[in-house]
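Shown next, in structure tokens, is the structure this report addresses.
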Protein chains: 2
Amino acid sequence: MRIGELAQRSGFSRDTIRFYEQNGLITSTVGDSETNSYRKYKDDCLVWLEFFAGAREAGMSVADLRSIVEANAESCDREAARAVVLGKIEELNERADQIGNAIRFLENTLSRLG
Amino acid sequence: MRIGELAQRSGFSRDTIRFYEQNGLITSTVGDSETNSYRKYKDDCLVWLEFFAGAREAGMSVADLRSIVEANAESCDREAARAVVLGKIEELNERADQIGNAIRFLENTLSRLG
DNA sequence: CCAAACCATGGACAGTGGTCTATTGTTTTT
DNA sequence: AAAAACAATAGACCACTGTCCATGGTTTGG
């Protein structure tokens, strides 16, 4: 598919998709047209973008996402890939703990406001 | 206490504390010395800063934190304050869901890397 | 007393994560 | 055919979240 469709289906803007591509989060190929240089994106990209949406919301940086994508791509080196992914899971668990703390703090605030 | 002590005890740098103060997250008073203009921070600030550390890690922005601080300060308008805090709790719960999704995604990745 | 450490203020700078604009060319719709 | 929509590329621009630096003054340890 072309970037417009990908944008529409993923909910990211064209600009953001290009930004992500520049940063190695997704890849595209130049189409086979003789007359234009429109890029082609596989369905794969859409799957990744859907993950990115949640992962960004969950607090992962673009650099984090790149390392995950790379871990997937270079799964020839499985141990390294596993290590990266395990590390990210660990980070997310810590973040979840922090969210729990913050929620408790706010619930306290709330009961003080009673 | 003075900013250096606050920095040391909170783990934030002096610069960050000043940045937070500029952004309304904490307040200080000018000390009573005749010869200097050193600012004084109450223990209260330390409590807030400890919360901020976790809350930032949990993905709350400085603007978010300011609105919570303000909700606390202007608790004369309790309903408004409650609404702000409830809204933040809601956001954090959504963020926690996103983290859960991301973790599941990564665990899938992991089992693919098996 | 003097150096080291501290403080205030203000502004410059940096990294992240985009967004917007300009330019130029292509495709699709009417 | 003309207008509208789409695309590529490059670079400017933005808000956010700090960090660093310069300057000038103050306090403290030895």
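Here is the naming used below: chain letters follow the sequence lines, and residue numbers restart at 1 for every chain.
Taking CZ of B:Arg66 as the start and CD1 of B:Ile68 as the end, the distance is 11.5 Å to the nearest 0.5 Å. Here B:Phe12 contributes atom CZ and B:Ile17 contributes atom CD1; the two are 8.0 Å apart, rounded to the nearest 0.5 Å.
Put simply, CD on B:Gln8 is 16 Å from C1' on C:dC7, counting in whole angstrom units. In this structure, CD1 of A:Ile17 is placed 14 Å from C1' of C:dT19, rounded to the nearest angstrom. Separating the CG atom of A:Asp15 from the P atom of C:dT19 is a distance of 7 Å, rounded to the nearest angstrom. The CD1-C1' distance, from A:Ile3 to D:dT9, rounds to 12 Å in whole Å. We find that CE of B:Met1 is positioned 16 Å from P of C:dC6, with the value rounded to whole Å. Across the protein-nucleic acid pair, B:Leu6 atom CG and C:dC7 atom P stand 10 Å apart, rounded to whole Å. The distance from atom CG of A:Leu25 to atom P of C:dG17 is 10 Å, rounded to the nearest whole Å. Here the P atom of nucleotide C:dG11 and the CZ atom of B:Arg18 are 15 Å apart, to the nearest Å.
A:Arg14 comes within 4.0 angstrom of sugar-phosphate atoms only, judged by non-hydrogen atoms across all strands, and of no base. Residue contacts for B:Tyr20: at a heavy-atom cut-off of 4.0 Å it reaches the sugar-phosphate backbone alone, with no base atom in range.
Looking at A:Glu21, A:Lys40, A:Lys42 one by one, the single match for side chain to side chain donor-acceptor pair (under 3.5 Å) with A:Ser28 turns out to be A:Glu21.
Salt-bridge formation is not detected for the pair A:Glu5/A:Arg2: no Lys NZ or Arg NE/NH1/NH2 atom is positioned less than 4.0 Å from an Asp or Glu carboxylate oxygen. With respect to A:Arg104 and A:Glu107, no salt bridge is recorded, no charged nitrogen being found less than 4.0 Å from a carboxylate O.
Residues B:Arg9 and B:Leu49 form no side-chain contact, since every pair of their non-hydrogen atoms from C-beta on lies 4.5 Å or further apart.
Take A:Phe51 and apply the ring pair (Phe, Tyr, Trp, His ring centres under 6.0 Å) test, not counting sequence neighbours, and it matches B:Phe105.
Within residues 31-65 of chain A, the residues having any heavy atom under 4.0 Å from DNA chain C are, by residue number, A:Ser33, A:Thr35, A:Asn36, A:Tyr38, A:Arg56, A:Ser61, A:Val62.
Each of B:Arg2 and B:Thr16 was matched to the nucleotide of DNA chain D holding its nearest heavy atom; the match closer to the 5' end belongs to B:Thr16.
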